[in-house]
Amino acid sequence: MPHKNYNTKPLKCFVCEKSLQVIDIEYNNRVNLPVCNTCSGSAAEVDKEKELLEGLADGFVCGCI
Ligand SMILES: [Zn+2]
């Protein structure tokens with residue numbers, strides 16, 4: 001059975017999907033996903049964030065939003 005080490009799994013920017021080094025990563029607090037320095041604070045990040053949050057809202061029926 002293959003053993004995966006989750007501590008070293010590659011992280012990707014949730015906006016541009018570029019692979020990230022740990023030192024490059026910032027976290028978007030609203031979606032709790034890694035974002036690269038380039039995308040952090042950009043309009044593209046806001047768009048993607050909105051897309052993801054809307055997707056989550058569709059998937060959940062808890063009515064807590
Ligand atoms: Zn990026």
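Indexing begins at 1, ligand by ligand and atom by atom, following the structure's order. FYI, side chains are in, hydrogens and waters are out, and symmetry mates aren't considered; it's all heavy atoms of this structure.
Residues C16 and C36 are in side-chain contact: their nearest non-hydrogen atoms beyond the backbone lie under 4.5 Å apart. At least one side-chain heavy atom of T38 sits under 4.5 Å from a side-chain heavy atom of K18. The closest side-chain heavy-atom distance from I25 to V35 is not below 4.5 Å.
Excluding waters, the protein N/O/S atoms found under 2.8 Å from the Zn ion (ligand 1) are C13 SG, C16 SG, C36 SG, C39 SG.
Residue pairs satisfying the salt bridge (charged side-chain N to carboxylate O under 4.0 Å, His left out) criterion with at least one member in residues 27-42, sequence neighbours excluded, are listed as follows: R30-E49.
Residues forming a side chain to side chain contact (heavy atoms under 4.5 Å, CB included) with N37 (at least two apart in sequence, or on another chain): D24, E26. Listed by chain and residue number, nothing satisfies the salt bridge (Lys or Arg N to Asp or Glu O under 4.0 Å) test with E45 (two or more places apart in sequence, or in another chain).
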